[in-house]
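Each remark here refers to the structure printed beneath this line.
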Amino acid sequence: MAGFQSLPGFREFYPEDFSRRQHIFRHWRKNASAFGFQEYDAPVLEPLELYKAKSGDEIEGQLFNFTDKGGRDVALRPEMTPTVCRLVGAKAGALKRPIKWFSIGEFYRYERAQKGRLRAFHQFNADIFGEPGPEAEIELIALLIQCLAGFGLTKDDFYVRLSDRDLWFFYLAALGFNDTQVPGILAAIDRFEKMGDDAFKGYAEAHGVLVPELKEKILAFLQIKTLPELETALAPCLTDKISQRIGEWRKVIAGLSAMGLGEFISVDLGVVRGLAYYTGFVFEAFDRKGDLRALAGGGRYNDLIKKLGYADLPAVGFAIGDVTTGLLLEQRGLTPTFVNAPDIYAVLGGEAERQAAFADIHALRAAGWRVDYPLKDVAFGKQFKTAAESGAKLALIYGGDELAKGVVKLRNMSDRTEQEIPRDQVLSVVRDFLSGR
RNA sequence: GCGGCCAUAGCUCAGUUGGUUAGAGCACAAGAUUGUGAUUCUUGGGGUCGCGGGUUCGAAUCCCGUUGGCCGCCCCA
């Protein structure tokens with residue numbers, strides 16, 4: 001294997017791979033647009049400081065960062081959130097509300113590659129800014145579901161786990177934990193699913209072993225699967241904040257149910273997500289079988305824009321990755337075959353026929369149809385085979401017999417019927433045929 | 001960053017105790033077939049056996065290193 005290899009964790013998109021990627025992007029873009037989101041884009045290379053400001057100095061270990069020729073510390077973007085916060089923050093006062101934005105871009109993380117996790121990957125990001133209420137969550141979670149369901153995935157293929165960092169803070173406060181203890185508990189909750197009881201070791205080292213009675217209450221809270229169960233569990237420790245929060249939960253669940261999406265949602269307080277900047281609802285989408293990494297994740301981050309030095313603007317957002325999504329579609333047989341198939345394949349008898357066909361071929365292409373033809377003379381049989389394999393809807397046959405009669409033969413590739421059409425009507429007949437007659 | 005497994009054609013793999021010029025199926029291309037998508041047959045292109053070093057008369061095969069891949073840990077924005 002001479003020559004060069006691509007860098008570890010980076011993908012190359014041969015046309016077949018690229019068409020699958022385009023299929024995914026097209027759906028995301030179409031759905032975001034249907035939900036009234038505006039597309040934006042931004043630099044791939046950013047100041048290193050932008051990510052340190054958001055996530056702390058430790059983040060550098062997981063970034064693709066370097067010093068540029070001007071001595072600037074820079075990093076390839078590992079995520080969109082800080083960037084979009086800057087964009088929105090810088091013009092917050094001038095932007096019409098609600099601010100509903102999305103983008104599709106490539107991101108880079110300097111990590112060891114694993115299944116569903118590479119060093120370069122694409123993400124669809126959608127965010128709503130300036131809306132403090134749960135209406136924004138409804139809108140975003142509905143979009144998230146549609147961005148997966150739009151491919152043909154159903155509630156049996158994936159689901160969205162909905163959790164709430166605020167509620168954990170309120171609940172833990174009601175149980176008597178103070179502000180220095182809560183982060184340790186949340187870290188343990190985050191790990192509990194994977195590690196079991198050992199997840200509480202870190203907390204025990206910092207604050208002493210957890211009182212068994214409190215641990216029971218926390219683990220019971222983790223088991224909650226429905227809104228009524230949640231309400232029952234919180235009944236003994238109702239505060240104003242908790243009551244208000246339950247009201248917002250009801251609103252989110254009711255809204256999504258009214259859209260017919262209730263069955264995609266699972267109440268699951270085990271999701272607190274790694275990063276500390278989330279402030280309210282958090283949610284993650286997983287495949288039902290559970291053998292893939294997270295498909296998507298997001299939540300509310302009301303403090304971040306202010307933390308980056310801009311206005312105090314509430315925000316919710318989520319991201320879907322193309323790697324895991326692609327794996328799931330592959331598993332479910334939902335990857336299309338002829339994404340970039342031509343509309344028309346021209347079958348050419350010989351050199352004279354080729355010259356004659358060129359006028360039509362170019363006119364059809366200029367009119368927007370996808371037209372292909374063989375670049376050198378090949379037998380008719382081969383041409384039809386090529387036409388069939390290309391996925392073309394129809395073939396236009398330019399043979400000696402046809403041209404002598406002043407016609408072109410149009411073959412419907414799906415039902416194999418043929419008809420002769422006068423040369424000067426090719427454009428209009430093809431248009432009628434391809435637009436469904 | 002740490003640990004385990006793996007690496008032969010575009011893909012899936014075979015390759016005997018180390019022994020002549022490294023094979024198969026699929027895929028691709030040409031032909032049988034000078035006007036119709038199947039099947040079949042024939043032929044062809046494509047490999048410095050991931051890379052580098054060592055042992056040996058001789059290495060795809062054994063040893064060391066290295067790079068890459070997969071899996072797990074850390075992390076997962």
Side-chain angles (χ1 to χ4, degrees), chain A residues 1-12 14-17 46 50-56 58-63 75-85 107-119 121 123 125 127 187 190-191 193-195 198 202 271-278 282 284 291-299 301 304 317-321 323-324 345 347-351 353 374 376-392 394-404 409-418:
Chain A
M1 232 141 285
F4 300 95
Q5 294 178 300
S6 65
L7 291 167
F10 282 74
R11 284 175 297 172
E12 295 169 307
Y14 283 80
E16 198 184 330
D17 309 312
E46 290 277 20
L50 180 64
Y51 302 109
K52 285 188 173 177
K54 180 203 161 202
S55 307
E58 325 78 63
I59 194 70
E60 191 173 336
Q62 289 149 61
L63 293 177
L76 287 166
R77 61 185 181 191
E79 58 166 326
M80 196 51 124
T81 307
T83 301
V84 71
C85 284
F107 299 89
Y108 310 86
R109 297 178 186 177
Y110 199 86
E111 299 179 296
R112 191 71 168 233
Q114 283 173 34
K115 188 179 184 184
R117 180 202 214 182
L118 301 170
R119 285 185 170 183
F121 54 93
Q123 275 189 348
N125 276 262
D127 297 88
D190 197 25
R191 286 173 198 179
E193 194 171 338
K194 200 176 247 179
M195 299 171 60
D198 287 348
V271 177
V272 291
R273 290 181 68 86
L275 268 271
Y277 65 84
Y278 283 111
V282 286
E284 289 189 331
D291 49 24
L292 294 174
R293 293 172 168 278
L295 294 161
Y301 50 99
L304 187 57
F318 74 86
I320 312 182
V323 183
T324 318
Y345 194 88
V347 174
L348 310 176
E351 192 52 32
E353 292 82 0
K376 55 182 183 175
D377 283 348
V378 277
F380 262 69
K382 281 242 157 75
Q383 294 192 52
F384 281 103
K385 193 178 175 189
T386 304
E389 286 170 350
S390 76
L394 63 84
L396 286 176
I397 301 158
Y398 292 83
D401 300 347
E402 286 81 4
L403 293 189
K409 203 177 274 178
L410 180 152
R411 181 178 176 86
N412 181 336
M413 293 302 287
S414 54
D415 66 13
R416 304 190 176 202
T417 57
E418 292 183 348

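Computed from a predicted structure; not experimentally measured. Order of the sequence lines fixes the chain letters, A, B, ..., with proteins taken first and strands second; residue numbering starts at 1 for each chain.
Atom OH of A:Tyr108 and atom C1' of B:C76 are 19 Å apart (whole Å). We find that CZ of A:Arg119 is positioned 8 Å from P of B:G1, with the value rounded to whole Å. The distance between atom CD of A:Gln62 and atom C1' of B:C73, rounded to the nearest whole Å, is 14 Å. Atom pair A:Tyr14:OH and B:G10:C1' shows a separation of 8 Å (rounding to whole Å applied). The separation between A:Glu111 atom CD and B:C74 atom P is 13 Å, rounded to whole Å. One atom, OH of A:Tyr51, and another, P of B:C75, lie 22 Å apart when rounded to the nearest Å. Spacing between atom CG of A:Leu410 and atom P of B:U36 amounts to 18 Å, rounded to whole angstrom units. As a whole-Å value, the separation of A:Lys385 NZ from B:G35 P is 18 Å.
For the P atoms, the distance from B:U20 to B:C2 is 41 Å, rounded to whole Å. Rounded to a whole angstrom, the distance from the P atom of B:G50 to that of B:C6 is 14 Å. The separation of B:C74 from B:C13, taken at their C1' atoms, amounts to 35 Å, rounded to a whole angstrom. Using C1' as the reference atom, B:G47 and B:A9 are 5 Å apart when rounded to the nearest Å. Spacing between B:G58 and B:U17 at atom C1', rounded to whole Å, works out to 15 Å. Rounded to whole Å, the separation between the C1' atoms of B:C73 and B:C11 comes to 32 Å. Separation of the P atoms belonging to B:C26 and B:G68 is 35 Å when rounded to the nearest angstrom. Across the C1' atoms, B:G10 and B:G45 are found 13 Å apart, a figure rounded to whole Å.
Stacking of the aromatic ring of A:Phe384 onto the base of B:G37 is not found under the criterion of centres within 5.5 Å and planes under 30°.
A 4.5 Å side-chain heavy-atom check between A:Phe384 and A:Arg411 finds at least one atom pair inside the cut-off. Here the side chains of A:Tyr108 and A:Phe10 are in contact, with some heavy-atom distance below 4.5 Å. Residues A:Leu304 and A:Thr81 have side chains in contact (heavy-atom distance under 4.5 Å, counting atoms from C-beta outward). By the 4.5 Å heavy-atom criterion applied to side chains, A:Leu7 and A:Arg119 are not counted as neighbours. The closest side-chain heavy-atom distance from A:Glu111 to A:Gln62 is below 4.5 Å. In this structure, A:Arg77 and A:Tyr51 have side chains that are in contact, with non-hydrogen atoms separated by less than 4.5 Å.
Surrounding CD of A:Glu16 are at most 12 heavy atoms belonging to other residues, nucleotides or ligands under 6.0 Å away. Counting heavy-atom neighbours within 6.0 Å of A:Lys385 NZ, excluding the residue itself, gives a total of 12 or less. The environment of A:Tyr110 atom OH is sparse: at most 12 non-hydrogen atoms of other residues, nucleotides or ligands sit within 6.0 angstrom.
Each of B:G35, B:A77, B:C75 was ranked by its minimum atom distance to the side chain of A:Glu402; first place goes to B:G35. The nucleotide whose nearest atom lies closest to any side-chain atom of A:Lys409 is, among B:G35, B:A77, B:G37, B:G35. For A:Met413, the side-chain atoms get nearest to B:G37 when compared with the rest of B:U36, B:G37, B:A77. When each of B:G35, B:U36, B:A77 is scored by its nearest atom to the side-chain atoms of A:Phe380, the top-ranked nucleotide is B:G35.
Taking the nucleotide of RNA chain B with the nearest heavy atom to each of A:Arg416 and A:Tyr110, the more 5' of the two is matched to A:Tyr110.
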Would you sort out whether A:Asp17 and A:Arg11 count as a side chain to side chain contact (heavy atoms under 4.5 Å, CB included), showing the intermediate values?
-> CA-CA 10 Å; A:Asp17 309 312; A:Arg11 284 175 297 172; over 6 Å; no
Which is it for A:Asn412 and A:Leu394 under the side chain to side chain contact (heavy atoms under 4.5 Å, CB included) test, yes or no, and what are the steps along the way?
-> CA-CA 5 Å; A:Asn412 181 336; A:Leu394 63 84; 5.7 Å; no
Readout for nucleotides 65-72 of chain B: B = base within 4.0 Å of protein heavy atom, S = sugar-phosphate only, - = neither; 5' to 3' it is --SSS-SB
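Residue A:Glu418 is in base contact, counting any heavy-atom pair closer than 4.0 Å across all strands shown. Across all strands shown, A:Gly400 has heavy atoms under 4.0 Å from base atoms, whether or not it also approaches the sugar-phosphate. A:Met80 comes within 4.0 angstrom of nothing in the nucleic acid, heavy atoms only.
The two residues A:Leu118 and A:Ala113 make their nearest non-hydrogen contact at CD2-CB, 4.2 Å.
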Any protein N or O atoms within reach of nucleotides 26-32 of chain B? Criterion: under 3.5 Å, listing atom names and distances.
none

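Using a 4.0 Å cut-off, some side-chain N or O of A:Arg191 falls inside it from OP1 or OP2 of B:C75.
Side-chain atoms of A:Glu389 never come within 3.5 Å of backbone atoms of A:Thr386 as a donor-acceptor pair (strictly under, hydrogens ignored). Checked by atom type and distance alone, the side chain of A:Gln383 pairs as donor or acceptor with a backbone atom of A:Leu348 at under 3.5 Å.
In RNA chain B, runs of at least 3 stacked Watson-Crick or G-U pairs (N1-N3 plus N6-O4 or O6-N4, or N1-O2 plus O6-N3, all under 3.5 Å) give these stems: B:1-7 with B:67-73, B:10-13 with B:23-26, B:28-32 with B:40-44, B:50-54 with B:62-66.
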